Amino acid sequence: MTPVTRFAPSPTGFLHIGGARTALFNRLYARHFAGRFRLRIEDTDRERSTPEAIEAILEGLTWLGLDWDDEVVYQSECAARHREVADALLDKGLAYRCYATPEELAEMRALARAEGRPPGYDGRWRDRDPAEAPADRAPAIRFKAPREGEQVIEDLVQGQVTVANRQLDDMVILRSDGSPTYMLSVVVDDHDMGITHVIRGDDHLTNAFRQRQLYQAMDWSVPSFAHLPLIHGPDGAKMSKRHGAVGIEAYRDQGYLPAALRNYLLRLGWGHGDDEIISDGEAESWFDVADVGKNAARFDFAKLDNLNAHYLRQMDDQSLVELVVERLEAISGTGTTAEQKRRLFAGMAGLKPRAKRLDDLALSAQIYLAERPLTYSADAHKLLNPEAKARLAGLRPLLEAGGWEREELESLVRHYAENLLEPSVKLGKVAQPLRAAITGSKVSPPIFEVMEIFGREECLSRLDDCLSDEE
RNA sequence: GUCCCCAUCGUCUAGAGGCCUAGGACGCCAGCCUUUCACGUUGGUAACACGGGUUCGAAUCCCGUUGGGGACGCCA
């Protein structure tokens, strides 16, 4: 039997990092066994679900390269079917009407807690005569859960987990307004969608026991479960906003690459020997949810940065230019000239090994976009002292006459510094001020490479700007 | 409070009784490379939570302790 997995987020916020990993694992598992990976939007909470959130999830998954099979299922559209199942349960005597008020429920919980029992509904309408029903109140439908025995789940990640049925109360499956609850909806939808493997966050483990009761009540085959340990923030607590963990789009905005994120997420809780850089193909052939570890992993931005830098270096220059231009234009609101793009493309090979993310790559790429007259950074300004300027002035005529390949430039300047200057100085004494004059910065890719890209005319003009600067 | 789960370097992990003097990666430190900053490269730092068992032998199995985490809604 080929597996069918699914990712089933509720659109009450954005696609967060944990959800992204859940989706990745579901997809990888399906791919590994030549099955299907499906997407279901759990939008039954009309109050909190928004079209924007749905859009963010779809976009996030697509951006991450986690496309799904078949049509997206919207849970809200299945409400009639869910009610049908609730009715079937009612007919079978496996569900009943409950008229308890919210106040009563709160009391029950408080009492149970005080008495050291598991908090929950006490079953007061479970076997009560329907004739006692209050006429002024609409009932909720509760599942008549087994009281004796236990639920055993053979979880692909957690192993065998057992919970006594007495720990589980009679859950509501249909609200008093007739809408189905999550617990009912997931089971019905997973069954209807032919889901064979439910791979989701650890926080759903206890739900699995109640869901299993439901499957059995309906006489449906129970899917395999795999509950993934949650991703924690650097402090060890559940990932939350205070960790700066927002939607996946925040990672995109910071300049993380989908491939890097996929690789990083994959290695969180799962490993394949000493392998660190893992291609999508390798991931598909190696991954098995059964190999996922049971312990929660902490999110480490330093390692993500390292992986991202790797994928950045591997990316082709043209794509990188496009990404950088897109970012820069979004920030400045102005266009990019053909000449600027030409410089960017020529300089990309020297730029990318110096960057970790797209945002710092874009920042360093600015040196190729800046036009005269340059504004010097404080450091650059300091480098351009009178002594340095005098050396540059002496160099200028040689530059005007010499060749302009980066190697020629280097040997020319080196010769000037080491042999022509009196007393002779090291290359750096001339190259550094030169860098400051040409780029306006103290840091850049190799200066002779930069000069070659700018061309002789532009460089001489920049040099003149600098030398004529009286101050 | 009740139930469930977890425990190897700071972090992610390898490890399924002898291959472990515990391996890799990130980070950190130092050297090399070098016109700056990176990249690269070489080396270093650093862990089996604790206590009992079982065994000829335990990071690996069992029990307990401690420490973390998760779930307990007419939310999903």
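Note: hydrogens, waters and symmetry copies are ignored here, and every other heavy atom, side chains too, is used. Throughout, protein chains are lettered first and strands after them, A, B, ... in sequence-line order, and every chain is numbered starting at 1. Keep in mind that what you see is a predicted model, and the values were worked out from it rather than measured.
Contacts of A/Gly159 with the nucleic acid, taken as non-hydrogen atoms under 4.0 Å apart, are absent. Heavy atoms of A/Phe448 sit under 4.0 angstrom from at least one base atom. Nucleic acid contact for A/Ala100: base, since at least one base atom lies under 4.0 Å from a heavy atom of the residue. Among the atoms of the strands shown, only primed sugar atoms or phosphate atoms (P, OP1, OP2) are found under 4.0 Å from some heavy atom of A/Leu230. Using a 4.0 Å heavy-atom criterion, one finds that A/Ser441 contacts no nucleic acid atom at all. Residue contacts shown for A/Leu268 are limited to sugar-phosphate atoms, with no base heavy atom under 4.0 Å away. Base engagement by A/His204 is indicated by at least one non-hydrogen atom pair under 4.0 Å involving a base atom. Residue contacts shown for A/Thr44 are limited to sugar-phosphate atoms, with no base heavy atom under 4.0 Å away. Within 4.0 Å of A/Pro9, counting heavy atoms only, lies no atom of the nucleic acid at all. Within the nucleic acid shown, A/Glu42 comes within 4.0 Å of sugar-phosphate atoms alone, with no base atom in reach, counting heavy atoms only. Nucleic acid contact class of A/Arg298 (heavy atoms, under 4.0 Å, all strands): sugar-phosphate only. Contact annotation for A/Gly116: backbone-only contact, meaning every heavy-atom pair under 4.0 Å involves sugar-phosphate atoms and none involves a base.
Annotation: B/rG1 and B/rU21 have their P atoms spaced 43 Å apart (nearest Å).
One N or O donor and one acceptor, one from the side chain of A/Asn207 and one from the base of B/rA76, sit under 3.5 Å apart. For B/rC72, the base has no donor-acceptor partner in the side chain of A/Thr206 [N/O atoms by modelled type, under 3.5 angstrom]. Side-chain atoms of A/Asp203 and base atoms of B/rG70 include no donor and acceptor less than 3.5 Å apart. Side-chain to base pairing of A/Arg354 with B/rC37: one donor and one acceptor N or O lie within less than 3.5 Å of each other.
Checked against a 6.0 Å centroid threshold, the rings of A/His227 and A/Phe225 count as neighbours. A/Phe143 has its ring centre no less than 6.0 Å from the ring centre of A/Tyr96. Here A/Trp68 and A/Phe7 keep their ring centres 6.0 angstrom or further from each other.
Both distances falling under 3.5 Å, in either a Watson-Crick or a G-U wobble arrangement, occur for no nucleotide opposite B/rU21. B/rA58: no Watson-Crick or G-U partner with both key distances under 3.5 Å is found in any strand. When both pairing distances are held under 3.5 Å, B/rA49 makes a Watson-Crick or G-U pair with B/rU65. Pair assignment for B/rG1 gives B/rC72, based on Watson-Crick or G-U wobble hydrogen-bonding distances that are each under 3.5 Å.
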Practice item. Decide yes or no on side-chain hydrogen bond (donor to acceptor under 3.5 Å, both in side chains) for A/Gln160 and A/Asp155, but give the supporting numbers first. Key: CA-CA 6 Å; A/Gln160 188 182 84; A/Asp155 193 280; over 6 Å; no
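Checked for salt-bridge contact, A/Arg6 and A/Glu42 miss the test: no charged N lies under 4.0 Å from a carboxylate O.
OP1 or OP2 of B/rG73 sits under 4.0 Å from a side-chain N or O of A/Arg109. Here A/Arg267 does not reach the OP1 or OP2 of B/rA25: none of its side-chain N or O atoms lies under 4.0 Å away. Of the side-chain N and O atoms in A/Arg414, one or more sit less than 4.0 angstrom from OP1 or OP2 of B/rU35. Distances shown here put a side-chain N or O of A/Lys294 below 4.0 Å from the OP1 or OP2 atom of B/rC6. Within the structure, a side-chain polar atom (N or O) of A/Arg313 is placed less than 4.0 Å from OP1 or OP2 of B/rG40.
Candidate nucleotides B/rC74, B/rA25, B/rA76 were compared by shortest atom distance to the side chain of A/Ser10, and B/rA76 ranks first. When the nucleotides B/rC74, B/rC26, B/rA25 are ranked by their closest atom to the side chain of A/Asn306, B/rC26 comes out on top. Among the nucleotides B/rG23, B/rC12, B/rU11, the one closest to any side-chain atom of A/Asp300 is B/rU11.
By the 6.0 Å and 45° rule, A/Arg462 stacks over the aromatic ring of A/Phe454.
We find that CG of A/Asp275 is positioned 18 Å from P of B/rG23, with the value rounded to whole Å.
The side-chain hydrogen bond (donor to acceptor under 3.5 Å, both in side chains) test with A/Arg210 is passed by exactly one of A/Asn165, A/Asp169, A/Asp170: A/Asp169.
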